[in-house]
Amino acid sequence: MSSASEITGAILVGSEDRRGERTFTAIDPATGAALAPAFQEATAEHVVAACSLAAEAFGSFSELGLTERASFLECVADEIMGLGDALINRAMAETALPRIRLQGERARTVGQLRFFAGVVREGAWIDATLDGALPDRTPLPRPDLRRRHVAVGPVAVFGASNFPLAFSVAGGDTAAAFAAGCPVVVKGHPAHPGTGEVVARAVRAAVAKCGLPSGTFSYLPGTTQALGAALVADSRIRAVGFTGSRAGGLALARIAAQRPEPIPVFAEMSSINPVILFPAAARSRGAQLGRDYVASVTLGAGQFCTNPGVLLYLDGTDLDAFMKAARTAMSGCQAQTMLTPGIHANFSQAVGRLSQHQAVQDVVQGQSVEGVNRAQGGLFVVDAAQFAADEILRQEIFGPSSLMVRAASLEQLSNVVDALEGQLTATVLFDDEDAELVSTLLPRLERKVGRIIGNGWPTGVEVCHSMVHGGPFPATTDGRSTSVGSLAIQRFLRPVCYQNLPDKLLPAALRNENPLKVMRRVDGKVVI
Ligand code: NAP
């Protein structure tokens, strides 16, 4: 039996370590060197085994008491913390992300698990709703009707490369699925397989400690699209959580839609997160905003889904202080190592295309640094008419670059907003004097995004009850949802109504005496 932080390269199917027929290696993006050990490639056979176990586990896991389920989430958090520095060291080697960032991400990951434990205990997510019988109603009596939310079934989770902890094996999707009562099968991201394995072992240890069925969790590492496709196609999987590329999210959504029994895919994909800089703000505090803009663009080598890829402003805005500060800040920025050679190659190509585009001017570049997979930051500028006319200019560039878009009038700025695809966020930088302009644009922005930020920056997502980390397509495949915050639990639930069932046959949350002591709506009134 391996200790929790040992990395063997195994496939974790329930409580068993399995081997595949082929192996792959992790890469240290800072050097390009392979990292030991060899990782087993999971196959369709492992998908079948993991999904059958998950289906077996579903019945008992989904009906677990609220306290027991919450304790399980807390136990996963404790097990992850118990991995200590071994987890952080491995994640640093596989992602080139700095220690402090990964420590912060670990805190967020365990905080998220504990947050969902609180959500589970409180029980509002059950949405227990009771409409009593009206036997004397005319012309027809009303039956007794009661509703609760139940778990949808086993969930497939695809982690992202850019958050090896918070959006990966035990990240937000897994925490929300567990909270809802769904067993989870994770397709491990090939960019951080060692990190993935140690976290998977921590989850497995929590499953065992809490006496849960082994199929509550499985971990399938691999590098082939066939693996992810087989997982989504497996009839026992009832929903999918995904964070990553638009092409990947859409491919999986197509597979899910073409199943004999289609299932929902909650994919968070691409976003350019427009920031609108209003004239009075640029005039009064341009220098500070210029520095903050570059800090947000280059944070984590720009590898955030909320990276501000576009900054819109009105022609005639006094940009002197803003531009001077932004140029100085960016020209002092050293190139940073990106997460994978593939992400670096995509970034270099996309920036090359932008730089050579006849309508685009280079504003400033960051410093280059010797070494592999290093991304040099950059700011560019283009006219709004060109931006609106060329789809290439509106595509996400994953990395430390941003395009400034100059609009000739408020009408043109509004048209640009209308022409944007769905986004995770929109940011408005304004002073009091700008308030009227802001209020003109707010309804348009609301139609496009999941989160509107006033006088801040989009990078940084709080895990809380009101957070929306989602947005209309292509930010996500389902703009009615979020992948961060307590609302995420809803993605893995569905409502069931019970009509005229006697009290003793009703689930506990709906019985007359409310034995779970959860908040309920009874005959239209919220009762606590
Ligand atoms: P990705 O390439 O979409 O991969 C995410 C996961 O999905 C991986 O496990 C991958 O497995 C799997 N996958 C991707 N395409 C698939 C397909 N057609 N069929 C089956 N499985 C598939 O994302 P990434 O590696 O994290 O980053 C690549 C690019 O995604 C970045 O350059 C960036 O543009 C974008 N990205 C966006 C966000 C965001 O939040 N908006 C976050 C991260 C990345 P395999 O690799 O084994 O196929």
Side-chain angles (χ1 to χ4, degrees), residues 20 22 24 26-27 29 39-44 47 94-95 97 156-164 166-169 171-173 185-193 195-196 219-234 237 240-256 258 265-273 300-309 338-351 373 375 395-401 421-425 450 458-459 461 469-471 473-477 482-484:
R22 293 173 42 222
F24 69 99
I27 303 283
F39 289 89
Q40 305 291 318
E41 282 269 6
T43 63
V47 169
E94 289 185 336
T95 63
L97 293 171
V157 169
F158 290 74
S161 56
N162 58 338
F163 278 90
F167 279 83
S168 193
V169 176
D173 283 335
V185 180
V186 169
K187 152 66 174 74
H189 199 294
H192 52 262
T195 310
Y219 170 71
L220 308 177
T223 61
T224 67
Q225 293 189 347
L227 172 61
L231 180 58
V232 174
D234 191 286
I237 294 296
V240 179
F242 169 96
T243 307
S245 66
R246 184 160 168 172
L250 286 181
L252 297 177
R254 266 193 300 274
I255 293 167
Q258 282 162 8
V265 173
F266 299 97
E268 189 215 307
M269 301 173 293
S270 70
S271 185
I272 55 175
N273 304 300
Q303 301 166 120
F304 284 104
C305 35
T306 49
N307 185 261
M338 298 198 87
L339 292 158
T340 68
I343 288 178
H344 178 254
N346 285 346
F347 174 72
S348 303
Q349 272 170 22
V351 167
N373 303 319
Q395 286 173 359
E396 179 187 47
I397 297 182
F398 194 66
S401 83
E421 294 184 309
Q423 305 292 333
L424 292 170
T425 69
T459 37
V461 180
H469 189 60
F473 181 86
T476 72
T477 44
T482 173
S483 60
V484 177

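Quick caveat, the model's predicted, so the values are computed rather than measured. Counting starts at 1 for both ligands and their atoms, in listed order.
- By the 4.5 Å heavy-atom criterion applied to side chains, S401 and F347 are counted as neighbours.
- A side-chain donor-acceptor contact under 3.5 Å links N373 to the backbone of P29.
- Nearest protein heavy-atom contact of atom 12 (C) of ligand 1 is F158 CD2, 4.0 Å.
- Taking a cut-off of under 4.0 Å to the non-hydrogen atoms of E396, the atoms of ligand 1 that pass are 34 (O), 41 (N).
- Contact annotation: A191 has no heavy atom less than 4.0 Å from any atom of ligand 1.
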Apply side chain to side chain contact (heavy atoms under 4.5 Å, CB included) to the pair I27 and T340, showing each step before the final yes or no. CA-CA 8 Å; I27 303 283; T340 68; over 6 Å; no
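- Of all atoms in ligand 1, listed by their number and element, those nearer than 4.0 Å to a heavy atom of A251 are 18 (N).
- Side chain of T477 to backbone of V265: a donor-acceptor contact under 3.5 angstrom is found.
- Closest protein heavy atom to atom 20 (C) of ligand 1: Q225 O, 3.3 Å.
- With respect to atom 26 (O) of ligand 1, the closest heavy atom belonging to the protein is S161 OG, 2.7 Å.
- Of the protein's non-hydrogen atoms, F242 CE1, 4.5 Å is the one closest to atom 13 (N) of ligand 1.
- Ring geometry for H189 versus H192: interplanar angle under 30°, hence parallel rather than tilted (30 to 60°).
- Per-residue contacts place I343 under 4.0 angstrom from the following atoms of ligand 1 (heavy atoms of the residue considered): 27 (O), 32 (O).
- Here's the thing with N162: none of its N/O atoms is less than 3.5 angstrom from an N/O atom of ligand 1.
- Nearest non-hydrogen protein atom to atom 4 (O) of ligand 1 is H189 NE2, 3.7 Å.
- No option in Q395, E421, E396 other than E421 meets the side chain to side chain donor-acceptor pair (under 3.5 Å) test with R246.
- Across S245, G248, G244, G188, heavy-atom proximity to atom 3 (O) of ligand 1 is greatest for S245.
- Side-chain polar atoms of E268 and T476 form no donor-acceptor pair below 3.5 angstrom.
- In this structure, atom 10 (C) of ligand 1 lies nearest to the protein heavy atom K187 NZ, 4.1 Å.
- The CG atom of L250 lies 4.5 Å from the CZ atom of F473; values are rounded to the nearest 0.5 Å.
- Listed by number with element, the atoms of ligand 1 under 4.0 angstrom from any heavy atom of N346 are 32 (O).
- Separation of atoms CD (Q423) and OG1 (T306) is listed at 11.5 Å; rounding is to 0.5 Å.
- Residue M269 has at least one heavy-atom neighbour below 4.0 Å for each of these atoms of ligand 1: 37 (C), 38 (C), 39 (C), 40 (O), 41 (N).
- A side-chain N or O of N273 and one of T425 form a donor-acceptor pair less than 3.5 Å apart.
- Ligand 1 lies within reach of G222, whose nearest heavy atom is under 4.0 Å from it.
- Between S271 and ligand 1, not a single N/O pair is under 3.5 Å apart.
- Every atom of ligand 1 with a heavy atom of L252 under 4.0 Å away is listed here by number and element: 19 (N), 20 (C), 21 (N).
- For atom 31 (C) of ligand 1, the nearest non-hydrogen atom of the protein is F398 CD2, 3.6 Å.
- Contacts of P190 with ligand 1, taken as heavy-atom pairs under 4.0 Å, involve the side chain alone.
- The backbone N or O of L424 sits less than 3.5 Å from a side-chain atom of S271, completing a donor-acceptor pair.
- For the ligand labelled ligand 1, residue F347 lies outside the 4.0 Å heavy-atom shell.
- Here the protein heavy atom with the shortest distance to atom 40 (O) of ligand 1 is C305 CB, 2.7 Å.
- Within the listing of ligand 1, atoms 40 (O) sit less than 4.0 angstrom from a heavy atom of T243.
- Atom 7 (O) of ligand 1 lies below 4.0 Å from at least one non-hydrogen atom of the protein.
- Counting only distance, with no hydrogens or angles, the side chain of K187 and the backbone of A156 share no donor-acceptor pair below 3.5 Å.
- Under a 3.5 Å cut-off, the side chain of T482 and the backbone N or O of H469 do form a donor-acceptor pair.
- Side-chain atoms of E41 do not come within 3.5 Å of backbone N or O of F24 as any donor-acceptor pair.
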